[in-house]
Amino acid sequence: MEANYEKLLQDSNRIKNYIKGDIANLNENILTKKENPKKWSAIEVVEHLNKVYDVYLDNFRKAIDAADELPQNEMPQMRRTLLGRLSIYTNRPKGKKRRFKMKTFDFFRPAVAPEELNKTIETYLQNKETFNDLIKDARTKNLKNVKVPTALGEKVKFFVPECFEFLLVHEERHMIQIAEAIE
């Protein structure tokens, strides 16, 4: 299967533009508002995404830097693992709804101090730029057989393009959560 890095970049930029254009300029009361104590505020969702990027960005960089250059005129190929396909399916929203409720790992639970609201969003936007740069760099590399560890550790790995897609559908899921939090 051909890896569609341009689609991944478009999806990533759409998410980045939503945060930058619609969320970053909201006032503190809206960003920190919670529907109830068990739900996350919009800024907590953004901090959660920062924690996710903390786990994945370095792994992507190492894998891409170590991969061989793709021969000229060869299209980048993509493979999938069974767990990767399942993870993408369960995280991908259906319209404006999240398909399944999921518990997050404790190390991904957000905690944002009120004075760190702007820093949290700035960090997210920087992480998003790094992520987009990694997708761009991946376009010229042979990543067909290259895997990166997931948040579950070294024993559970996804192929790089598949992992990009997983992170994007995970973010799409959380964009719905942000929209719900600010309504």
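The analysis underlying the following values was restricted to heavy atoms, covering all of them including side chains, and did not include hydrogens, waters or symmetry mates.
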For the residue pair N50 and T123, confirm or rule out a side-chain donor-acceptor distance under 3.5 Å.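 Per modelled atom types, N50 and T123 side chains form no pair under 3.5 Å.
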When you check the side-chain N and O atoms of H174 and E171, is any donor under 3.5 Å from an acceptor? no
With S41, which residues qualify under side-chain contact (heavy atoms from CB on, under 4.5 Å), at least two apart? K34, I43, E44
Taking only residues two or more places apart in sequence or in another chain, which ones pass side-chain contact (heavy atoms from CB on, under 4.5 Å) with A63?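 Residues passing side-chain contact (heavy atoms from CB on, under 4.5 Å) with A63: V146, V148, V160.
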Assess whether side-chain contact (heavy atoms from CB on, under 4.5 Å) is satisfied between L125 and K16, documenting all intermediate values. CA-CA 7 Å; L125 293 172; K16 180 184 84 175; 3.8 Å; yes
Atom pair [atom1]/[atom2] of [X] and [Y] - distance to nearest 0.5 Å:
| X | Y | atom1 | atom2 | value |
| --- | --- | --- | --- | --- |
| N145 | N142 | CG | CG | 7.0 Å |
| K157 | N59 | NZ | CG | 9.0 Å |
| E122 | E116 | CD | CD | 11.5 Å |
| D58 | T130 | CG | OG1 | 9.5 Å |
| L31 | I23 | CG | CD1 | 7.0 Å |
| K39 | N36 | NZ | CG | 6.0 Å |

Carefully, step by step, assess R61 and D65 under the rule salt bridge (charged side-chain N to carboxylate O under 4.0 Å, His left out). CA-CA 6 Å; R61 175 52 57 210; D65 287 350; 2.9 Å; yes
May I have the step-by-step check of side-chain contact (heavy atoms from CB on, under 4.5 Å) for N4 and M75, ending in yes or no? CA-CA 9 Å; N4 190 340; M75 299 301 293; over 6 Å; no
Can you check whether [X] reaches [Y] side chain to side chain, under 4.5 Å on heavy atoms?
| X | Y | result |
| --- | --- | --- |
| L143 | P76 | no |
| K128 | I19 | no |
| L167 | E172 | no |
| K33 | I182 | no |
| H48 | H170 | yes |
| S87 | F158 | yes |
| K136 | Y5 | no |
| K147 | E162 | no |

Of all pairs that satisfy ring pair (Phe, Tyr, Trp, His ring centres under 6.0 Å), the ones with a partner from residues 125-148, not counting sequence neighbours: Y53-F131, F131-F164
Cluster link [X] to [Y], ILVMFWY, side chain under 4.5 Å:
| X | Y | result |
| --- | --- | --- |
| L152 | V52 | yes |
| L9 | F159 | no |
| I30 | I178 | yes |
| Y124 | Y18 | yes |

Pair K51, D54 - check salt bridge (charged side-chain N to carboxylate O under 4.0 Å, His left out), show working. CA-CA 5 Å; K51 288 176 177 274; D54 286 347; over 6 Å; no
Which atom of [X] lies closest to which atom of [Y], heavy atoms considered:
| X | Y | value |
| --- | --- | --- |
| A42 | A181 | N-CB, 3.7 Å |
| R173 | T90 | NH1-O, 3.8 Å |
| V169 | I88 | CG2-O, 3.8 Å |

Candidates R92, K7, R85 - the one meeting salt bridge (Lys or Arg N to Asp or Glu O under 4.0 Å) with E165: R92
Answer yes or no: is there a donor N or O on one side and an acceptor on the other, between the side chain of S12 and the main chain of L8, under 3.5 Å?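 No.
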Backbone of A151 reached by a side-chain donor or acceptor of Y56 within 3.5 Å: yes
Salt-bridge contact K141-E69 (side-chain N to carboxylate O under 4.0 Å): yes
Let's go through R139 and E6 carefully: what are the C-alpha distance in whole Å and the side-chain angles of both, what is the deciding distance for side-chain contact (heavy atoms from CB on, under 4.5 Å) to 0.1 Å, and is it a yes or a no? CA-CA 9 Å; R139 295 184 292 196; E6 298 313 313; 2.8 Å; yes
